[in-house]
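This report concerns only the one structure given below.
Residues take their numbers from the sequence shown, with the count starting at 1. Order of listing sets the numbers, starting from 1, for every ligand and every atom in it.
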Amino acid sequence: MEHSQFFKYYQNLFGPRWNALALALQGESVYHKLQFAENREPYFLDEASYFAAKQLGVLPGMEVLDMCAAPGGKTLVLASALAGAGSLQSNDRSLARRQRLLRVLDDSLPEASRKIVSVSGHDASRFGLHRKECYDRILLDAPCSSERHVIASPAHLAEWSEKRIKRLSQEQGALLAAAVDAARPGGQIVYSTCALSPAENDDVVRKILKKRAGVIRVVPLTPEIEGTEKTEFGLHLLPDTCGGRGPIFCAKLEKV
Ligand SMILES: C[S@@+](CC[C@H](N)C(=O)[O-])C[C@H]1O[C@@H](n2cnc3c(N)ncnc32)[C@H](O)[C@@H]1O
C-alpha cells in the first residue's frame with residue numbers, strides 16, 4: 001500500500017519522467033575519489049555531493065561549521081579546502097553516526113587537516129541561539145527523504161509517507177534558520193539535500209527568504225555537471241539526466 005503511495009507521489013511530481021528517474025535511482029552512482037595523502041584511506045563520494053560541498057567556497061583561515069556532518073564525505077571536502085588553517089566544526093546529533101564520522105576523519109585526513117577539525121553532537125537547530133554570528137561558512141546538508149535509499153529498501157518504502165515529507169521540511173526550515181543566525185554578516189551558507197521533492201528544496205529556501213527577509217540573499221550557482229537543472233533558487237542534480245550522479249539539490253545564501 002505505502003509502496004504504491006510512494007510511486008504515485010513521485011509520478012505526480014515528475015509526470016512521464018518518473019519511470020526513467022526511478023530506474024536511475026536504482027542504478028550505479030558515480031564517485032569522486034578523495035585521497036589526501038598516500039598513507040591515508042581513500043573516501044568515495046558521489047560526484048554530485050562533491051560538487052555541493054565545493055560550492056561553499058571554503059578558504060584557508062575561515063571558521064566553518066558543518067551542521068549535519070556524518071558520515072563525513074562533505075566534511076572531508078571542507079577540511080581539505082582549509083589546508084590546515086582555520087577551523088571546522090563537524091556536528092551531528094546521532095552518536096552512532098558520529099562514531100563513523102570520527103573514523104572517517106581519522107582514517108582519511110592528514111595530521112595538519114585533522115587537527116583543525118572538532119566533532120560535536122548538538123541539535124543543530126540550536127546553533128542560532130548558542131553560536132550567533134560565529135561562522136564564515138556553514139554547510140547544512142539536511143536530513144531528508146533520501147529517495148535513493150528508500151527505493152532500495154522494502155523496510156524504508158513501507159515507512160514512507162507524505163506526512164514524513166511535511167515533517168522533514170519543517171525540520172529543514174528550523175535548521176536553515178539556525179544556519180542563518182549562526183553565520184557572520186557576509187558569511188555564506190550552502191543548503192543541500194538528496195531529496196527529490198521541491199517541498200524539501202526550493203520551498204525551504206523560499207520560506208527562509210521570507211522569514212529572514214532583508215537578512216539573506218541567494219547567491220547564484222553555476223552548473224558544472226552536464227544535465228544539472230536550474231531551479232528557482234539553486235541547482236538540482238538528478239541521476240536520470242546527470243549520468244547516475246545525485247540526487248543533490250543545493251542552494252547558496254549569503255548573510256548581508
Ligand atoms: C544527509 S545526512 C548528512 C550526510 C553528510 N553531510 C555527509 O556528507 O556524509 C544528515 C545527518 O543529519 C543528522 N541530523 C539529523 N537531525 C539533526 C539535528 N537536528 N542536528 C544535528 N544533526 C542532525 C543525521 O544524524 C544525519 O547524519
Shortest protein heavy-atom distance from [atom], along with the residue and atom involved:
| atom | value |
| --- | --- |
| atom 10 (C) of ligand 1 | Asp141 O, 3.7 Å |
| atom 3 (C) of ligand 1 | Ala70 O, 3.1 Å |
| atom 25 (O) of ligand 1 | Asp92 OD1, 2.6 Å |
| atom 19 (N) of ligand 1 | Asp123 OD1, 2.9 Å |
| atom 9 (O) of ligand 1 | Gly72 N, 2.9 Å |
| atom 12 (O) of ligand 1 | Cys68 CB, 3.2 Å |

Check: For atom OH of Tyr9, is the number of surrounding heavy atoms from other residues, nucleotides or ligands below 6.0 Å larger than 12?
Finding: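 Enclosed: over 12 neighbouring heavy atoms sit under 6.0 Å from OH of Tyr9.
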So if I count the atoms of ligand 1 from 1 in the order they appear, which ones are less than 4.0 Å from some heavy atom of [X]?
| X | result |
| --- | --- |
| Ser94 | 25 (O) |
| His122 | 20 (N), 21 (C) |
| Gly73 | 7 (C), 8 (O), 9 (O) |
| Lys74 | 8 (O) |
| Ala124 | 18 (C), 19 (N), 20 (N), 21 (C) |
| Pro71 | 9 (O) |

Notebook entry, point to check: Got a sec, which pairs hit ring pair (Phe, Tyr, Trp, His ring centres under 6.0 Å) with one end in residues 38-79, sequence neighbours left out?
Noted result: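 Sorted pair list: His32-Tyr50.
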Notebook entry, point to check: Do Ser125 and Asp123 get their side chains close enough for a donor-acceptor pair, meaning under 3.5 Å?
Noted result: yes
Item checked: Any donor-acceptor N or O pair under 3.5 Å, side chains Ser120, Gln89 ->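 Yes, side-chain donor-acceptor contact under 3.5 Å.
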Checklist line | For atom 15 (C) of ligand 1, the option (of Ser90, Pro143, Ala96) bearing the nearest heavy atom | finding: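 Of the listed residues, Pro143 has the closest heavy atom.
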Check: If you measure from atom 2 (S) of ligand 1 to every heavy atom of Glu171, Arg97, Arg93, which option wins on shortest distance?
Finding: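 Heavy atom nearest to atom 2 (S) of ligand 1 belongs to Arg97.
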Item checked: Ionic contact status for Glu171 with Arg167, cut-off 4.0 Å -> yes
Under a 4.0 Å heavy-atom limit, does [X] contact ligand 1 with its side chain, its backbone, both, or neither?
| X | answer |
| --- | --- |
| Ala142 | backbone |
| Asn91 | side chain |
| Ala69 | backbone |

Exam field: side chain [X] to backbone [Y], donor-acceptor pair closer than 3.5 Å:
| X | Y | value |
| --- | --- | --- |
| Asp202 | Phe233 | yes |
| Glu200 | Thr193 | no |
| Arg98 | Arg93 | yes |

Next item on the list: Enumerate the residue pairs fulfilling salt bridge (charged side-chain N to carboxylate O under 4.0 Å, His left out) with a member in residues 21-35, sequence neighbours excluded, ordered by first and then second residue.
Entry: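 Matches after skipping sequence neighbours: none remain.
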Margin query: In this structure, does ligand 1 have an atom that sits under 4.0 Å from one of the heavy atoms of Cys194?
Written below: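 The answer is no: ligand 1 sits nowhere under 4.0 Å from a heavy atom of Cys194.
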Next item on the list: Measure across Ala52 and Ile248 and return the closest heavy-atom pair with its distance rounded to 0.1 Å.
Entry: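 Ala52 and Ile248 have their closest heavy atoms at CB-CG2, 3.9 Å.
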Notebook entry, point to check: Closest heavy-atom contact between Ile165 and Ala199?
Noted result: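 What the structure gives for the nearest pair is CG2-CB, 3.9 Å.
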